[in-house]
Amino acid sequence: MAVPDESRTVIGVCNLCEAICGLQITLEGDRVTGVRGNPDDPLSRGHVCPKGVALGDLHEDPERLRRPLVRDRATGEWSEVDWDEALDLVADRIAATVNQHGADAVGVYLGNPNVHSLGSATHGIRLVKSLRTRNRFSASSVDQIPHQLVAHLLYGHQLLIPISDLDRTSYFLVLGANPMASNGSLMTVPDFPGRLRELKARGGRMVVLDPRRTETAKVADEHVFVRPGTDAVVLLAMVHVLLAEGLDRPAAYVDGVEQVREAVADMTPEHAEQVSGVPADTVRRLTREFAAADGAAAYGRLGLSTQGFGSVCQWAVGCLNILTGNLDREGGVLFTEPAIDFVRTGLVGRGHFDLYRSRVRGAPEYGGELPVSVLAEEIETPGDGQVRAMLTVAGNPVLSTPDGKRLSAAFEGLEFMAAVDIYLNETTRHADVILPPTTALERDHYDIVFHGLAVRNTARFTPAVFEKPRGARHDWEIYRDLALRISQRLDRRPPLRARLAQRAALTMSPTFIIGMLLRRGRRTTITELRRHPEGVDLGPLRPTLPDRLMTPDKRIDLAPAVVLADLDRLRATTANPEDGLVLIGRRHQRDNNSWLHNVPRLTRGRPRHHLLMHPDDLADRGLEPGSTVTVTSRVGSVDVEVAASTDMMRGVVSLPHGYGHGLPGTRMSGAAGVPGVSVNDLTDPGRLDLSGNAALNGVPVTVTAREEDSGTVSSSAAADRQGHVPTTTRGVTT
């Protein structure tokens with residue numbers, strides 16, 4: 001009779017989102033039988049969300065890839081091969097592309113999970129840089145580039161981002177963010193619900209401006225509707241009030257205040273009301289409350305960045321915090337002092353903007369990356385620098401970037417494509433080779449980035465829960481082997497000294513590198529962290545300015561020319577606002593972009609795929625709740641069920657991000673059974689912020705009853721089933 005495996009508990013971490021919650025994981029043999037929050041973790045304090053509880057399900061998913069796959073283009077069939085054969089094939093084809101057409105003929109796309117992987121942080125970037133291509137893309141340009149650009153302009157480093165001192169603030173102003181669902185973003189704040197209760201218990205307030213009454217808005221002290229795409233006007237009106245009423249008290253190291261005063265002179269609360277729907281009296285009252293608070297923090301996130309004026313929005317948020325004296329103030333916003341300081345050490349570059357532009361449209365680069373909104377055209381358009389081969393790493397841009405159908409068709413036209421991914425999904429189905437790495441529970445982890453964006457200074461190193469399976473590869477080993485193989489095959493190889501340095505850097509393990517970086521930081525060591533896997537507490541955020549600034553003169557220029565120049569475009573756009581419905585996205589606590597929908601634990605319960613629409617907007621169009629409607633934008637249309645919701649502002653509709661599975665050629669049966677459409681079959685790659693970030697929110701759409709009189713469905717729905725991608729002309733799917 002078999003003896004049951006003995007149960008044991010180990011300390012782990014959830015690295016699926018930015019909250020980086022510490023976990024206690026119960027194991028029986030090689031199976032996870034329980035996951036709960038670790039109450040001894042000094043940052044997450046016992047918090048865990050449904051995603052963390054599902055880590056074991058992800059680890060055991062039978063459809064997760066464990067061996068390399070190669071696709072026969074003639075038959076479409078996949079076959080497993082050994083690692084050397086797969087790596088050699090990828091290296092041969094990428095090197096041949098570079099040798100024949102130049103480095104820019106190779107494109108690279110990095111998905112969101114890369115920032116949650118230690119191996120990607122230490123080795124993945126080295127692989128990308130070794131390719132020397134300008135055609136680098138990532139999820140950042142459908143997310144956070146406005147934050148990074150503004151941080152670079154104001155503070156001298158793209159990730160020197162002020163963090164809300166949530167544990168001590170008395171007034172928390174939230175715009176375009178939903179931390180009740182996200183647990184914070186570019187603000188690592190596990191257990192946001194608990195921290196909000198503490199804020200209220202000490203007499204503090206949270207005010208939310210959002211076009212949807214989100215999960216966060218529902219627990220706020222006040223929620224104000226604002227029309228999508230007009231947040232910049234509201235924020236600039238608040239800055240106008242500060243300066244007009246003498247409520248500003250910037251620090252001595254802040255320059256450019258008078259230029260800002262002149263720039264916002266016409267951005268009155270009355271103008272903001274006409275454009276945004278936020279009453280002028282509300283704009284004035286919120287500004288005065290914010291300025292008078294004993295420690296206030298303004299925080300704007302995805303809803304601000306993913307619109308046409310994302311950089312202006314993030315700059316205006318910075319102006320609010322700086323002009324009221326809340327930058328570098330306890331209870332306001334402060335900079336972190338992490339054990340591994342990616343700002344001081346140069347581990348992450350300071351950032352740069354518009355050093356070169358994309359070949360076809362002339363869109364600017366940021367930080368060495370081009371906007372992913374231009375990727376399809378860079379593949380489709382012949383000429384020098386055309387992308388002919390593609391490497392995607394832990395990303396699904398077909399579902400997560402604008403006009404996904406067009407990008408899907410472009411991928412199919414590539415001469416070669418490889419992917420580093422654990423799933424055969426809507427993007428990797430186009431690859432010739434898929435290289436699957438180990439997953440979270442099988443590798444060591446340290447959060448280099450998110451400890452540097454957290455509401456408290458802590459450090460935590462988490463050894464792998466399970467040993468690497470025989471025949472598996474960690475992601476950093478894949479990056480190492482690809483970089484070295486490709487380098488050996490290039491006609492123009494780097495000098496010998498550079499090749500030796502590359503080999504030395506790539507052969508060091510991520511854990512060894514972390515140990516070195518911790519010793520350099522002198523705040524803790526990997527030995528201490530191994531003794532305390534729950535993490536060590538390095539204390540609350542504290543004032544550090546002006547010394548922590550990375551600007552050459554240790555001063556803040558509050559009036560960067562590139563942002564002020566965009567105000568004319570803002571004025572012209574808001575002078576002629578678009579009528580009709582506009583589309584925004586949304587997220588749910590159980591979702592993580594597109595890649596966790598194969599885990600049944602996270603997709604159970606009430607469906608979350610519906611188009612949300614105000615009842616009056618439904619009635620105006622003669623539509624019934626629960627019916628299937630056709631949503632059409634300039635680039636395409638989708639059919640989806642509609643639900644009435646008074647949580648929506650009039651004139652605004654919402655679809656969730658990350659849905660639209662079930663395309664032919666995938667191997668994610670769980671996700672394929674999840675209803676819903678891809679919101680990015682509607683988002684428009686032509687709509688960009690000045691930074692190049694995609695304007696995913698505020699997309700003009702129409703919503704009509706689905707045509708059923710002849711028994712037909714919309715062409716986009718039919719195309720999904722047939723594997724055919726429609727073309728678009730003037731927004732009409734043909």
Side-chain angles (χ1 to χ4, degrees), residues 93-111 125 127-143 145-146 148-149 308 311 349 351-393 395 397-398 400-419 427 430-431 486 490-492 562 566 569 634-635 680 683-696 725 727-728:
R93 295 297 302 273
I94 288 180
T97 301
V98 174
N99 291 335
Q100 183 176 357
H101 301 289
D104 291 342
V106 176
V108 182
Y109 177 83
L110 302 178
I125 299 303
L127 166 63
V128 173
K129 287 184 176 179
S130 74
L131 296 174
R132 300 178 181 274
T133 177
R134 288 187 169 189
N135 283 310
R136 293 168 52 182
F137 308 88
S138 82
S140 294
S141 59
V142 286
D143 187 334
I145 293 299
Q148 294 175 243
L149 174 61
S311 294
H352 46 74
F353 177 58
D354 205 9
L355 293 186
Y356 57 89
R357 296 202 163 206
S358 65
R359 177 179 61 104
V360 179
R361 196 190 311 181
E365 65 80 41
Y366 177 79
E369 294 183 359
L370 290 170
V372 72
S373 292
V374 309
L375 175 54
E377 65 202 45
E378 293 296 330
I379 297 172
E380 297 164 343
T381 308
D384 292 341
Q386 178 186 8
V387 174
R388 299 168 181 268
M390 192 79 201
L391 174 66
T392 64
V393 183
V398 167
S400 59
T401 66
D403 200 358
K405 282 187 169 63
R406 179 183 177 189
L407 184 60
S408 182
F411 281 155
E412 197 57 32
L414 288 164
E415 295 174 9
F416 179 76
M417 180 172 171
T427 293
H430 297 294
I486 293 170
L490 294 177
D491 291 343
R492 297 181 62 182
V562 67
D566 205 34
R569 184 172 67 97
R634 187 187 73 85
V635 300
N680 287 308
T683 54
D684 189 341
R687 297 171 64 90
L688 300 178
D689 172 54
L690 76 89
S691 66
N693 206 84
L696 304 177
V725 180
T727 58
T728 58

Chemist: Please enumerate all residues that pass side-chain contact (heavy atoms from CB on, under 4.5 Å) together with Ser138, with sequence neighbours excluded.
Modeler: Leu110, Ser140, Glu369
Chemist: Taking salt bridge (Lys or Arg N to Asp or Glu O under 4.0 Å) as the definition, give me every residue that meets it alongside Glu365, ordered by chain and number, with sequence neighbours left out.
Modeler: none
Chemist: Which heavy-atom pair separates Leu696 from Pro402 by the least distance, and what is that distance?
Modeler: CD2-CG, 3.8 Å
Chemist: With a 4.5 Å limit on heavy-atom distance, are the side chains of Tyr109 and Thr401 in contact?
Modeler: yes
Chemist: So does Val398 get a backbone contact from the side chain of Ser408, meaning a donor-acceptor N/O pair under 3.5 Å?
Modeler: no
Chemist: Where do Ala694 and Leu688 come nearest, in terms of heavy atoms and distance?
Modeler: CA-CD2, 4.0 Å
Chemist: So, for Phe353 and Leu690, which heavy atoms are closest and what is the spacing to 0.1 Å?
Modeler: CZ-O, 3.5 Å
Chemist: Atom CZ of Arg136 and atom CG of Leu375: how far apart are they, to the nearest 0.5 Å?
Modeler: 14.0 Å
Chemist: At what distance, to the nearest 0.5 angstrom, does CZ of Arg132 lie from CG of Asp104?
Modeler: 12.0 Å
Chemist: Under the criterion side chain to side chain contact (heavy atoms under 4.5 Å, CB included), I'd like the reasoning laid out for Val98 against Val106: C-alpha separation, chi angles, the key distance, then a yes or no.
Modeler: CA-CA 7 Å; Val98 174; Val106 176; 3.6 Å; yes
Chemist: Mark yes or no for whether Ser141, through its side chain, and Val372, through its backbone, hold a donor-acceptor pair below 3.5 Å.
Modeler: yes
Chemist: Of all the heavy-atom pairs spanning Pro371 and Gly692, show the shortest one and how long it is.
Modeler: CB-O, 3.1 Å
Chemist: Once side-chain contact (heavy atoms from CB on, under 4.5 Å) is applied, do any residues pair with Ala105, and if so which ones, sequence neighbours excluded?
Modeler: Thr97, His101, Arg388
Chemist: Identify, with sequence neighbours excluded, every residue that meets side-chain contact (heavy atoms from CB on, under 4.5 Å) alongside Ala376.
Modeler: Glu380, Arg406, Leu407, Ala410
Chemist: For the backbone of Pro685 and the side chain of Asp403, can you confirm whether one donor and one acceptor N or O come within less than 3.5 Å of each other?
Modeler: no
Chemist: List the residues meeting side-chain contact (heavy atoms from CB on, under 4.5 Å) with Arg359, not counting sequence neighbours, and say none if there are none.
Modeler: Glu378, Thr381, Gln386
Chemist: Is there a donor-acceptor contact under 3.5 Å from the side chain of Ser358 to the main chain of Ala363?
Modeler: yes
Chemist: Would you check if the side chain of Asn680 reaches a backbone N or O of Gly404 as a donor-acceptor pair within less than 3.5 Å?
Modeler: no
Chemist: Find out whether Ile94 and Leu131 are in side-chain contact, i.e. whether some heavy atom of one side chain is under 4.5 Å from a heavy atom of the other.
Modeler: yes
Chemist: Would you please say whether a donor-acceptor pair under 3.5 Å links the side chains of Asn693 and Ser691?
Modeler: no
Chemist: Rounded to the nearest 0.5 Å, what separates atom CZ in Arg634 from atom CG in Asp684?
Modeler: 4.0 Å
Chemist: Taking all non-hydrogen atoms of both residues, which atom of Asn99 and which atom of Asp491 are closest, and how far apart?
Modeler: OD1-N, 2.8 Å
Chemist: Is a donor on one side and an acceptor on the other found under 3.5 Å between the side chain of Asp354 and the backbone of Pro364?
Modeler: no
Chemist: Please examine the side chains of Phe137 and Pro397, heavy atoms only from C-beta on, and report whether any two atoms are closer than 4.5 Å.
Modeler: no
Chemist: Closest approach of Phe416 and Ala418, non-hydrogen atoms and distance?
Modeler: CE2-CB, 3.9 Å
Chemist: What pairs with Asp566 under salt bridge (Lys or Arg N to Asp or Glu O under 4.0 Å), at least two apart in sequence or on another chain?
Modeler: Arg569
Chemist: Are the side chain of Tyr366 and the backbone N or O of Gln148 linked by a donor-acceptor pair below 3.5 Å?
Modeler: yes
